[in-house]
A.B. asks: 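Pasting in a structure now, in structure tokens, and then I'll have a few things to ask.
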2 protein chains.
Amino acid sequence: MATGRSTQHNPNPAAGTRRSRGRGIPDATVARLPLYLRALTALSERSVPTVSSEELAAAAGVNSAKLRKDFSYLGSYGTRGVGYDVEYLVYQISRELGLTQDWPVVIVGIGNLGHALANYGGFASRGFRVAALLDADPATTGNVVAGLPVRHTDEMEEIIRSERVSIGVITTPPGAAQQVCDRLVAAGVTSILNFAPTVLNVPDGVDVRKVDLSIELQILAFHEQRKAGDEYRDEDEAADADAEVPSAPAAAVVSTAGRAVEPGRGHGNERGQEYEEAAG
Amino acid sequence: MATGRSTQHNPNPAAGTRRSRGRGIPDATVARLPLYLRALTALSERSVPTVSSEELAAAAGVNSAKLRKDFSYLGSYGTRGVGYDVEYLVYQISRELGLTQDWPVVIVGIGNLGHALANYGGFASRGFRVAALLDADPATTGNVVAGLPVRHTDEMEEIIRSERVSIGVITTPPGAAQQVCDRLVAAGVTSILNFAPTVLNVPDGVDVRKVDLSIELQILAFHEQRKAGDEYRDEDEAADADAEVPSAPAAAVVSTAGRAVEPGRGHGNERGQEYEEAAG
DNA sequence: CCATCTTTGTGCACGCGTTCACAAAGACAT
DNA sequence: ATGTCTTTGTGAACGCGTGCACAAAGATGG
């Protein structure tokens with residue numbers, strides 16, 4: 001998880017010592033419920049009345065036993081010999097996830113990514129409503145994005161209180177993320193989705209989930225490197241004769257480059273590996 | 001997590017039966033290496049020579065024992081009584097992740113999100129190079145985004161082969177994702193980062209990681225609902241006297257799923273054991 | 001009503017990941 | 001050199017998640 005998990009499992013170190021698992025559904029299951037919901041919604045739109053665990057599992061990309069066990073945490077909603085009622089299950093999962101409520105969210109930092117999120121259709125269709133777009137840059141405030149005016153962060157507290165916002169999305173540059181986070185929490189936000197590459201410190205009772213685009217790519221690169229030459233690994237891959245690597249990727253293999261690591265000039269120490277989006 | 005695989009460990013069922021873990025570094029550790037790398041890079045920029053596992057763990061937001069165990073999979077790079085050499089560790093982790101190589105990537109689907117990713121500075125600084133931006137819409141091709149021209153997907157195969165691209169990023173609408181994925185794989189791509197809300201089918205040997213923005217929000221909504229009142233749960237938490245939630249979220253019932261369902265039916269959630277750890 | 005067939009729900013075992021706790025290793029002072 | 005102090009590296013225990021495999025439950029047909 002990936003994961004995520006994620007995912008996944010998805011480790012959430014910022015949440016700290018106490019998991020907010022109040023008696024109930026395992027975290028791994030909760031992380032998969034949206035997956036099932038998406039597959040079920042597609043079936044519902046095709047007016048499919050019932051679905052077996054095998055079919056639904058295939059549509060969601062998981063193991064059928066895992067799916068059945070996941071559903072068992074919600075209760076017994078299936079009929080043996082038949083399967084699950086699609087509409088009923090859609091409702092049960094939606095209710096369990098809290099999607100039968102209206103969730104106003106604020107997006108802070110309207111750069112490229114904030115722009116993309118504001119326009120993302122997957123929010124509105126799942127009960128999430130963008131209550132406000134916020135940015136600290138006076139050049140950005142006032143613009144209309146996705147039909148909403150970008151408002152200045154000075155209004156943050158007022159908006160959060162009046163609209164009863166409990167979920168905040170941070171898409172600011174990393175330097176501003178913690179400060180924005182603190183203000184969000186102080187104003188009453190208790191769940192934060194953080195896209196800035198920063199570790200956020202939050203008090204107990206506040207949930208933070210993070211999405212880091214470059215981390216995902218780095219994990220892929222690791223596996224990609226493994227798939228490519230393992231020429232400096234000799235012992236193990238003999239048993240695992242899965243040499244199914246059809247394409248030679250841009251190799252330019254580093255081949256260990258010597259142990260002596262020039263300290264002081266490791267490698268890329270250049271500035272500017274941050275988001276540059278909030279500027280625009 | 002991602003959770004995932006999320007990430008978390010992010011579960012990647014599409015990768016199929018056999019994990020390509022050549023009996024090396026655990027997946028959970030690999031997923032954390034970019035986190036350590038980021039923290040170490042920040043220390044390096046401040047010219048901090050060495051760091052203890054305790055300090056670095058705090059900066060990365062993880063447990064120090066976990067960090068030490070993670071590093072133990074890479075080898076013994078620390079000095080007892082002192083800590084870890086920052087520059088040396090930056091190099092070792094970069095090498096392990098394959099970031100000392102050049103990784104050309106293609107981004108397919110230059111909508112809002114593709115636009116944001118093309119401008120994302122976190123790629124170039126980590127050894128990733130955007131080899132091409134691709135889109136199927138003639139109205140989009142030809143535009144210049146982040147200094148690169150958007151090229152038509154007709155050129156996909158040619159670009160992938162000539163630039164030796166092995167990593168592809170899919171930011172298309174969900175309907176086009178599988179088709180784009182198939183073409184990427186056929187042309188030689190063996191790692192895919194999927195932002196489309198679709199389950200991708202890929203052959204063995206191809207890694208897929210997915211990032212779903214709405215899933216993360218749904219997971220937050222679940223926990224948020226838990227934190228707010230469980231008033232419609234009957235057997236509720238008498239023991240959980242954690243009523244520290246100042247803001248009640250706006251609870252207007254949603255419009256979506258409401259038909260042919262009897263919400264009155266009791267749920268059969270009979271998990272007796274509760275793992276709640278005493279609230280602080 | 002009985003037999004058969006399909007599919008759910010789950011007990012159980014296994015492996016991975018996390019965390020604790022401590023011995024070993026090295027730095028540093030005397 | 002010797003002792004003390006700091007910090008690493010890791011053995012071991014524990015808990016969670018996964019997947020197998022099967023009994024129970026219900027549908028269906030005769």
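Computed from a predicted structure; not experimentally measured. Labels below follow one simple rule: chain letters A, B, ... track the order of the sequence lines, proteins then strands, and each chain is numbered from 1.
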A.B. asks: Assign each of A/Thr29 and A/Val82 to its nearest nucleotide of DNA chain D by heavy atoms, then name whichever residue's nucleotide is nearer the 5' end.
C.D. replies: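 Comparing both residues, the 5'-ward one is A/Thr29.
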A.B. asks: Check the distance between C/dT8's C1' and A/Leu56's CG and give it to me in whole angstrom.
C.D. replies: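 A/Leu56 atom CG is separated from C/dT8 atom C1' by 13 Å.
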A.B. asks: Please state how far atom CD in A/Glu55 lies from atom C1' in C/dT8, giving the value in whole angstrom units.
C.D. replies: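 Checked: the CD to C1' distance equals 14 Å.
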A.B. asks: What integer distance in Å separates B/Arg32:CZ from C/dC16:P?
C.D. replies: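 Rounded to the whole Å, the gap is 15 Å.
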A.B. asks: Under 4.0 Å from OP1 or OP2 of C/dT10: is there any side-chain N or O of A/Lys69 that close?
C.D. replies: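 So the side-chain polar atoms of A/Lys69 never come under 4.0 Å of the phosphate oxygens OP1 or OP2 of C/dT10.
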A.B. asks: Distance check: side-chain N/O of A/Thr79 vs OP1/OP2 of D/dG26, anything under 4.0 Å?
C.D. replies: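 Negative; the distance criterion is not met.
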A.B. asks: Considering non-hydrogen atoms only, spot the tightest contact between A/Ser94 and A/Val90 and give its length.
C.D. replies: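 Shortest heavy-atom separation between A/Ser94 and A/Val90 comes out as OG-O, 2.8 Å.
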A.B. asks: Can you measure A/Ile25 atom CD1 to D/dG17 atom C1' for me and round it to whole angstrom units?
C.D. replies: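 Those two atoms, CD1 and C1', are 15 Å apart.
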A.B. asks: Between C/dC20, C/dG9, D/dT10, which nucleotide gets closest to the side-chain atoms of A/Ser76?
C.D. replies: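 Among the listed nucleotides, the one closest to the side chain of A/Ser76 is C/dG9.
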A.B. asks: Could you please name the option among C/dG17, C/dT8, D/dA21 that lies closest to any side-chain atom of A/Ser52?
C.D. replies: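 Selected nucleotide (nearest to the side chain): C/dT8.
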A.B. asks: Can you name the nearest heavy-atom pair linking A/Cys181 to A/Ile192, along with the distance?
C.D. replies: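 Taking every non-hydrogen atom into account, SG-CD1, 3.6 Å.
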A.B. asks: Should B/Ser53 be listed as having a side-chain N or O under 4.0 Å from OP1 or OP2 of D/dT8?
C.D. replies: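 For D/dT8, OP1/OP2 do have a side-chain N/O of B/Ser53 under 4.0 Å.
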A.B. asks: With a 4.0 Å cutoff (strictly under), does any side-chain N or O of A/Arg68 reach OP1 or OP2 of D/dA21?
C.D. replies: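 Negative; the distance criterion is not met.
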A.B. asks: Without decimals, in angstroms, what is the distance between B/Lys66 NZ and C/dG17 C1'?
C.D. replies: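 Answer to the nearest Å: 8 Å.
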A.B. asks: Between C/dT18, D/dT18, D/dG9, which one does the side chain of A/Ala28 approach most closely?
C.D. replies: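 Output: D/dT18.
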A.B. asks: Check every strand shown and say whether A/Phe71 touches a base, only sugar-phosphate, or nothing at a heavy-atom separation below 4.0 Å.
C.D. replies: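 A/Phe71: no heavy atom of the nucleic acid under 4.0 Å.
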A.B. asks: Can you see which heavy atom on A/Ala39 is nearest to which on A/Leu56, and at what distance?
C.D. replies: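 Shortest heavy-atom contact: CB-CD1, 3.8 Å.
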A.B. asks: Would you say the side chain of B/Arg80 and the base of D/dT7 hold a donor-acceptor pair, judged only by whether the two atoms sit under 3.5 Å apart?
C.D. replies: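 Side chain to base: no pair present.
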A.B. asks: Out of the candidates A/Tyr77, A/Tyr36, A/Tyr88, only one should pair with A/Phe71 under the ring-ring contact (aromatic ring centres under 6.0 Å, His included) rule; please name it.
C.D. replies: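 The option that passes is A/Tyr36.
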A.B. asks: So if I take every side-chain heavy atom of B/Asn63 and compare against C/dT18, C/dT19, C/dT10, which nucleotide ends up nearest?
C.D. replies: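 Among the listed nucleotides, the one closest to the side chain of B/Asn63 is C/dT19.
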A.B. asks: Can you tell me the distance, in whole Å, between the CG atom of B/Asp27 and the P atom of D/dG17?
C.D. replies: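 Interatomic distance, CG of B/Asp27 to P of D/dG17: 16 Å.
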A.B. asks: Quick one: A/Tyr84 OH to C/dT6 P, roughly how many Å, whole number?
C.D. replies: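 One finds 18 Å between P of C/dT6 and OH of A/Tyr84, rounded.
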A.B. asks: Whole Å only: how far is the CG atom of B/Leu89 from the C1' atom of D/dT8?
C.D. replies: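 After rounding, the gap between these two atoms is 13 Å.
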A.B. asks: Might you point out which heavy atoms bring A/Ala31 and B/Ile215 nearest each other, and give the distance in Å?
C.D. replies: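 In terms of heavy atoms, the two residues are closest at O-CG2, 4.3 Å.
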